[in-house]
Amino acid sequence: MYTFQSLTSSLSLVPPIPQKPNLNLHFPITSNPSFALKFPVQVCVGIRIIMDRLKAPARLMIVSDLDHTMVDHHDTENLSLLRFNSLWEANYRHDSLLVFSTGRSPTLYKELRKEKPMLTPDITIMSVGTEITYGNSMVPDNGWVEVLNKKWDRNVVKEEASKFSELKLQAETEQRPHKVSFYVEKDKAQAVTKALSEVYEKRGLDVKIIYSGGMDLDILPQGAGKGQALAYLLKKFKTEGSPPVNTLVCGDSGNDAELFSIPEVYGVMVSNAQEELLHWHAENAKGNTRIIHATERCAAGIIQAIGHFKLGPNLPPRDIADFSDYKLENPNPGHEVVKFFLFYEKWRRAEVENSAVYLASLKADCCPSGTFVHPSGVEQSLPECINGLRSSYGDKQGKQFRVWVDGVLATQVGSDTWLVKFDKWELSGEERHATKTTAVISSKGSDVSDGFTWIRVHQTWYKGYEGKDDTTWHF
């Protein structure tokens with residue numbers, strides 16, 4: 001058994017190739033809705049860490065493709081991505097799950113993270129659904145490896161493929177345990193695929209052959225794919241008794257269609273979705289009201305879908321001009337952290353008025369005896385640090401300067417006190433700096449709706465992302 005999928009990969013380095021109208025795309029989950037019930041499910045270290053952190057079913061799980069879905073390569077300022085970042089960290093990180101599902105190998109995925117202001121996902125699905133990892137340390141899911149090992153022999157796959165002169169092996173970074181990747185000319189792809197599939201069937205292998213982007217040919221286990229990987233994860237959460245309350249899948253190309261085939265998920269095809277995905281939707285899910293075609297591009301389309309399906313707040317803090325006039329429905333430490341550093345960015349970009357009132361408001365949010373430990377090790381009082389902002393007003397005006405936070409997680413350590421850990425990033429031109437940050441904050445009154453007070457902030461440089469001049473790093 002084999003599957004030939006001719007898809008325009010969102011990762012392709014060449015322009016998208018128009019989808020042939022008579023091409024029949026096959027998606028295993030659509031044809032076999034009981035697929036998700038057939039997985040042997042094991043509990044791994046990674047998912048246990050996630051379960052322990054949430055302590056309850058995830059309020060929302062977003063599963064998103066990266067290239068041209070979460071990441072807009074035409075958005076040089078990365079504004080839609082930064083808007084999503086602020087929304088997620090302020091409103092969802094503490095009780096929800098973020099999953100990236102990409103065709104990229106781990107090597108190319110890590111390269112993208114260095115290029116774009118991306119958040120750290122809870123789960124990463126890579127290499128066309130053949131690898132699942134958890135957290136920033138990317139702990140592998142060995143149970144998924146066992147699923148894919150069935151009727152799969154990588155050595156035989158390579159051995160037989162090497163007999164075809166039309167196939168040119170891709171870079172070593174793109175060769176994965178359950179993915180063998182080649183280049184092949186477009187006019188030879190169909191014949192090579194047909195011949196290969198016959199050979200593998202005779203050898204007793206059950207493979208999936210995906211041809212995409214007019215040049216890439218990937219050979220995977222038949223059970224691999226973005227949709228199958230998601231079905232496996234959902235089954236795993238269900239077995240643990242904590243399935244997500246809501247799941248939103250997001251994509252732009254044909255190889256994302258499997259995600260939309262999972263029962264009971266919400267789905268958004270971003271406005272820039274390729275014709276092949278729209279064609280699949282028209283043929284397979286046109287009447288499904290749980291799937292929409294957004295009017296916004298990439299991450300902005302994801303934000304739009306959150307609002308459309310009423311899955312939770314969908315106003316990014318980055319869109320709020322004046323926080324003094326905005327009242328959050330459910331205040332939390334994460335929102336406080338996002339708000340603080342967004343103001344810090346706007347202050348240095350001169351996007352807020354140079355007013356002593358703003359600084360006075362910031363000082364009012366700091367404990368008079370509060371302290372800040374600079375990543376250089378120097379300790380200062382928080383009020384003095386706020387005063388120091390006066391001299392930096394507008395020093396980044398007209399420049400590419402952005403600030404964002406990642407992985408904001410708060411632990412309540414007292415009746416009105418939280419220990420908040422997060423990564424703080426600054427992008428200034430081509431330079432990127434980051435610190436591991438720990439903050440102690442408390443509620444001003446008996447309820448968090450009264451606001452928060454900053455008591456202590458401690459930062460240390462991330463190796464490789466140190467600031468060259470300590471005097472330019474204020475918080």
Side-chain angles (χ1 to χ4, degrees), residues 25-43 47 50-51 54-65 69-70 88 91-92 95-102 121-125 129 132 134 141 143-144 147 223-270 273 277-294 301-314:
L25 302 183
H26 172 64
F27 298 100
I29 293 180
T30 302
S31 58
N32 185 7
S34 65
F35 181 85
L37 302 178
K38 298 181 179 180
F39 290 122
V41 176
Q42 301 178 0
V43 178
I47 206 164
I50 289 174
M51 301 292 290
L54 291 180
K55 297 181 174 59
R59 174 165 57 113
L60 173 64
M61 183 165 78
I62 287 185
V63 183
S64 178
D65 173 51
T69 300
M70 181 63 74
W88 188 260
N91 296 282
Y92 293 98
D95 65 358
S96 298
L97 291 174
L98 181 62
V99 181
F100 289 158
S101 181
T102 177
D122 297 283
I123 304 173
T124 312
I125 302 171
I132 300 175
Y134 300 87
D141 189 318
W144 182 234
V147 170
K226 290 184 176 184
Q228 288 90 331
L230 174 57
Y232 170 83
L233 287 173
L234 288 172
K235 175 62 176 175
K236 193 166 253 191
F237 283 117
K238 185 176 181 180
T239 300
E240 287 293 298
S242 295
V245 177
N246 288 302
T247 298
L248 174 66
V249 300
C250 320
D252 76 294
S253 68
N255 60 12
D256 297 317
E258 289 186 352
L259 294 173
F260 295 94
S261 302
I262 302 292
E264 299 181 0
V265 303
Y266 293 98
V268 55
M269 303 178 293
V270 291
L277 180 58
L278 300 179
H279 176 74
W280 173 87
H281 178 261
E283 293 292 320
N284 298 276
K286 189 174 182 179
N288 188 349
T289 58
R290 296 172 72 94
I291 301 175
I292 65 167
H293 186 193
I302 298 174
I303 295 170
Q304 180 183 359
I306 293 173
H308 175 85
F309 293 120
K310 296 180 172 55
L311 301 177
N314 75 320

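Side chains are part of it too, since the values below use all heavy atoms of this structure and drop only hydrogens, waters and symmetry mates. Please read all numbers here as calculations on a predicted model, not as lab measurements.
- With contacts defined as side-chain heavy-atom distances shorter than 4.5 Å, the pair W280/S261 qualifies.
- Residue F260 holds its CZ atom at 14.5 Å from OH of Y266, rounded to the nearest 0.5 Å.
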Evaluation steps, side chain to side chain contact (heavy atoms under 4.5 Å, CB included), between D65 and M70: CA-CA 6 Å; D65 173 51; M70 181 63 74; over 6 Å; no
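- Counting heavy atoms from C-beta outward, L230 and S101 have side chains that stay 4.5 Å or more apart.
- Under the side chain to side chain contact (heavy atoms under 4.5 Å, CB included) criterion, I292 pairs with V268, A305, H308, F309, sequence neighbours left out.
- Across all their heavy atoms, G301 and A294 have their closest contact at CA-CB, 3.9 Å.
- Between S253 and L277 the shortest side-chain heavy-atom distance does not fall below 4.5 Å.
- Residue P121 comes nearest to F100 through the heavy atom pair CG-CD1, 3.5 Å, listed as atom of the first residue, atom of the second, then distance.
- Applying the side chain to side chain donor-acceptor pair (under 3.5 Å) test to D95 and every residue at least two apart in sequence or in another chain returns R59.
- Nearest heavy atoms, R290 versus E264: NH2-O, 2.6 Å.
- Under the 3.5 Å distance criterion, the side-chain polar atoms of S242 are left unmatched by any main-chain donor or acceptor of K238.
- Remark: V270 engages T69, D252, N272 in a side chain to side chain contact (heavy atoms under 4.5 Å, CB included) (not counting sequence neighbours).
- When all heavy atoms of P243 and P57 are compared, the closest pair comes out as O-CB, 3.3 Å.
- Looking at heavy atoms from C-beta onward, Q304 lies out of side-chain contact with N314 at the 4.5 angstrom threshold.
- Contact of the I123 side chain with the L98 side chain is not registered, since no non-hydrogen atoms from C-beta on lie closer than 4.5 Å.
- Annotation: side chain to side chain contact (heavy atoms under 4.5 Å, CB included) contacts of H293 (sequence neighbours excluded): M269, A273, L278.
- Annotation: the span from D256 atom CG to L259 atom CG amounts to 5.5 Å, rounded to 0.5 Å.
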Stepwise side chain to side chain contact (heavy atoms under 4.5 Å, CB included) check, M61 with N246: CA-CA 6 Å; M61 183 165 78; N246 288 302; over 6 Å; no
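- Remark: N91 pairs with no residue by the side chain to side chain donor-acceptor pair (under 3.5 Å) rule, at least two apart or across chains.
- The main-chain N or O of S96 is never found under 3.5 Å from a side-chain atom of W88 such that the two would form a donor-acceptor pair.
- At a threshold of 4.5 Å between non-hydrogen side-chain atoms, the residues I306 and Y92 count as touching.
- Side-chain contact between K236 and W144: absent, with no pair of heavy atoms (C-beta onward) separated by less than 4.5 Å.
- To the nearest 0.5 angstrom, L60 atom CG is 7.5 Å from T247 atom OG1.
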Step-by-step side chain to side chain contact (heavy atoms under 4.5 Å, CB included) determination, I47 to Y134: CA-CA 7 Å; I47 206 164; Y134 300 87; 3.9 Å; yes
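- Here the CG-NE2 distance, from N284 to H281, works out to 9.5 Å after rounding to the nearest 0.5 Å.
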Audit row: L248, I302, side chain to side chain contact (heavy atoms under 4.5 Å, CB included) steps and yes/no: CA-CA 9 Å; L248 174 66; I302 298 174; 4.3 Å; yes
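- Contact check for V99 versus D122: no side-chain heavy atoms found under the 4.5 Å cut-off.
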